[in-house]
There are 2 protein chains.
Amino acid sequence: MTNIHDVARLSGYSVSTVSRVLNHKDYVTTETRAAVQKVIDELDYVPNDVARDLSRGKTMTIGVILPNLDHPYFVQLIQGITKAAFVADYHVILLSSRFEAEIERTYLAAFRRKAYDALIFTSHGLPLAEIATYQKYGPIVICQPPRDSGLSAAYAHRRQTYVQALTTLKVQGCQRVALLMSRPIAVSETSQATAEAYRIVYGESPRPAMLATDVITMADGQRAAERFIASGQTFEAIFANSDDIAVGVQRAYQQAKLPVPVLIGQEHQLSGELAQFPTIDHHCQIVGQQALQLAVSGEKRRIAIDSEFINNW
Amino acid sequence: MTNIHDVARLSGYSVSTVSRVLNHKDYVTTETRAAVQKVIDELDYVPNDVARDLSRGKTMTIGVILPNLDHPYFVQLIQGITKAAFVADYHVILLSSRFEAEIERTYLAAFRRKAYDALIFTSHGLPLAEIATYQKYGPIVICQPPRDSGLSAAYAHRRQTYVQALTTLKVQGCQRVALLMSRPIAVSETSQATAEAYRIVYGESPRPAMLATDVITMADGQRAAERFIASGQTFEAIFANSDDIAVGVQRAYQQAKLPVPVLIGQEHQLSGELAQFPTIDHHCQIVGQQALQLAVSGEKRRIAIDSEFINNW
DNA sequence: TTGTAAGCGTTATCAA
DNA sequence: TTGATAACGCTTACAA
């Protein structure tokens, strides 16, 4: 492994001069530069990035914690993040968490050990307060409303759009509305926004019987609907947490030969377009881009991106 | 920033002893270990990963080059790769290439600079021969048939399944079949496999007029079909390169009030299931897992995963 | 069982 | 404009 000392020795200059040549710094005569470059070319020498990182105290790497890539929300977020990272000349390192707090802790520990310059939580199982204590080791950005945690955040501002969507249901005369969620209200900001929008529009908290949680895939949506059917409840509308999931719901009713409730999806997926129900686009790519910006700049700030209700039919 | 020397000094032991405690090595008495650990805890000391990497000459990081995350193929590949990396205790660093050779070169250069322990190409714009010359800097794995490049590879074995799919079309009496591809035949192994399967089943090379390339999204599929329609050609069947794309095709014919050709999709997507056309599952997650295995182990080997034709209707 | 000291390969400060 | 040398923070022979 040839290193900077070899280049120095063979060129007759010092390592510092070689370093200056490598980093295109000033204070090197054209002749010196040429002579050093010649040796570099001859030896086919390249500097070592790890040594460079150590010396500079920076890795140009952002750790991105994400539970999985099963949901389009996370895929879009990652797309936005990598796109912005490419421009900013940062590397993105993928840290899968499966929503598990204990795994997230291992990444926080790695963050302390200087493995990444900054950390982005696309979702978090850990309490925000616990995450916030690691800010002393570098910038941390979350992709959800930061509440009073003092964390930087880029996130989709959902509630107002949820209110808008539910209002259209109410206007259509839908009184009995079921809500599907990916995670329990207690642990999910998104689920909370959904419940709160319901409260705002319908004037009361959603009753447990009209909720289904842990609905992630189309199959989950189908199962949730089957449980609704089996319970004997009838809903005039179902507010699903993705278009794919809405399709699962549609299927369940069709297979049971029952009238399909009014459906609203989310994430602006192909399936929603096909089945022609309204959807909500959370502009997750933009959220991801902003999150990366915050991570790189170290700015302590919250950026809310408005969601968009799409109702073309 | 407290370091290992501080711990050594305050504990009264040497850095090597501290290092042994940190790395849970033998040859440390219980008392010494306890004493050192006490100082570590008091100082709230953690080792620096970058320094560790430099010293060990390893980063525990695999660079994964991928053009984008727009296609489910790449998403699934990444899922498989990260899943396997998690188990193997490796980090995955995402390197977006947008299919551009010049960008890929920058990653190969970073690889030389020891930025990653190994490299996985989920797709490549560069010639395999050029990529292969970088193997002297560490393991490189590609996700396509490696031909005679001498590169390690994990990939979907597509041709036989393409033959199977096209055969069912032929058996149904479909003579005029159009083929949709994401990239031109000249640059894409997958497109080549498609064309070759056609040759095997139909006894002749596909004519240019029955091909559409650069078809990536559903909208592209729709446009491609519209061009077919405008050209006055009629096809009895269209072999699409994803289920979403097949849906785009379907749309174009429906909007033109024309009979929809027999459709076959790929990737086993939700849309295909909904529209109920046959599809091909390339088991990309498994491909990704195997690719990571190869990258980590450094084994020079090719692993072909059989694709699966799914025809439930 | 513990310690010394030489790496690992850069960058950065300061003197010349 | 160039060079010595001290960081950066850890691991690991080898010696004791």
Side-chain angles (χ1 to χ4, degrees), chain A residues 1-40 43-61 109-117 137-138, chain B residues 1-40 43-61 109-117 137-138:
Chain A
M1 181 85 304
T2 131
N3 61 25
I4 199 171
H5 288 104
D6 298 331
V7 178
R9 196 163 24 79
L10 267 75
S11 67
Y13 289 91
S14 68
V15 286
S16 29
T17 299
V18 176
S19 177
R20 283 190 204 100
V21 172
L22 286 174
N23 296 290
H24 307 288
K25 294 238 174 102
D26 290 344
Y27 303 120
V28 184
T29 58
T30 322
E31 300 81 54
T32 305
R33 187 177 298 278
V36 169
Q37 190 61 52
K38 183 151 167 286
V39 175
I40 289 175
L43 293 181
D44 200 22
Y45 161 79
V46 283
N48 178 306
D49 271 357
V50 182
R52 195 168 255 188
D53 287 348
L54 174 62
S55 192
R56 290 194 182 140
K58 273 186 92 179
T59 61
M60 301 305 282
T61 285
F111 186 45
R112 278 193 64 181
R113 294 193 308 263
K114 303 270 179 213
Y116 338 107
D117 288 352
Y137 304 112
Chain B
M1 179 88 303
T2 130
N3 62 25
I4 198 170
H5 289 104
D6 298 332
V7 178
R9 195 162 25 77
L10 268 76
S11 67
Y13 289 90
S14 68
V15 287
S16 36
T17 299
V18 176
S19 177
R20 283 189 204 101
V21 172
L22 286 173
N23 296 290
H24 307 290
K25 294 239 175 103
D26 289 345
Y27 304 120
V28 184
T29 58
T30 323
E31 299 82 55
T32 306
R33 188 176 298 278
V36 170
Q37 189 60 52
K38 183 152 167 285
V39 175
I40 288 175
L43 293 181
D44 201 21
Y45 161 79
V46 284
N48 178 306
D49 272 356
V50 181
R52 197 169 252 188
D53 287 348
L54 174 62
S55 193
R56 290 207 250 247
K58 275 186 90 178
T59 61
M60 301 305 281
T61 285
F111 186 45
R112 277 194 65 181
R113 294 193 309 263
K114 303 269 177 215
Y116 340 107
D117 288 352
Y137 305 111

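Below, each value reflects all heavy atoms present in this structure, side chains not excepted, and no hydrogens, waters or symmetry copies. In what follows, every chain begins at residue 1, and chains take the letters A, B, ... in the order their sequences are listed.
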Distance in angstrom units between [X] [atom1] and [N] [atom2], rounded:
{"X": "B:Arg112", "N": "C:dG9", "atom1": "CZ", "atom2": "C1'", "answer": "15 Å"}
{"X": "B:Arg56", "N": "D:dA13", "atom1": "CZ", "atom2": "P", "answer": "13 Å"}
{"X": "B:Asp53", "N": "D:dG9", "atom1": "CG", "atom2": "C1'", "answer": "12 Å"}
{"X": "A:Asn3", "N": "C:dT11", "atom1": "CG", "atom2": "P", "answer": "12 Å"}

### Task
Scan A:Val46 against the nucleic acid and name what it touches under 4.0 Å (heavy atoms): base, sugar-phosphate only, or nothing.
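Since only primed, P, OP1 and OP2 atoms lie under 4.0 Å of A:Val46, the category is sugar-phosphate.
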### Query
Touch check for B:Val28, heavy atoms < 4.0 angstrom, all strands: base, sugar-phosphate only, or nothing?
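The answer is sugar-phosphate, as B:Val28 gets under 4.0 Å only of primed atoms, P, OP1 or OP2.
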Would you say the side chain of [X] and the base of [N] hold a donor-acceptor pair, judged only by whether the two atoms sit under 3.5 Å apart?
{"X": "A:Arg20", "N": "D:dG3", "result": "yes"}
{"X": "B:Ser55", "N": "C:dG7", "result": "yes"}
{"X": "A:Thr17", "N": "D:dG3", "result": "no"}
{"X": "A:Ser16", "N": "C:dT11", "result": "no"}

Looking only at side-chain N and O atoms, does [X] come under 4.0 Å of OP1 or OP2 in [N]?
{"X": "A:Lys25", "N": "C:dT11", "result": "no"}
{"X": "A:Thr32", "N": "D:dT2", "result": "yes"}
{"X": "A:Asn23", "N": "C:dT11", "result": "yes"}

### Task
Looking only at side-chain atoms of A:Ala51, point me to the closest of D:dT2, C:dG9, C:dG3.
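So the side chain of A:Ala51 is nearest to C:dG9.
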### Message
Return whichever of B:Tyr27 or A:Ile4 has its heavy-atom-nearest nucleotide of DNA chain C closer to the 5' end.
### Response
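Nearest nucleotide further toward 5': that of B:Tyr27.
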### Query
Does A:Asn48 or B:Thr29 map to a spot on DNA chain C nearer the 5' end, using the closest nucleotide for each?
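It is B:Thr29 whose nearest nucleotide is closer to the 5' end.
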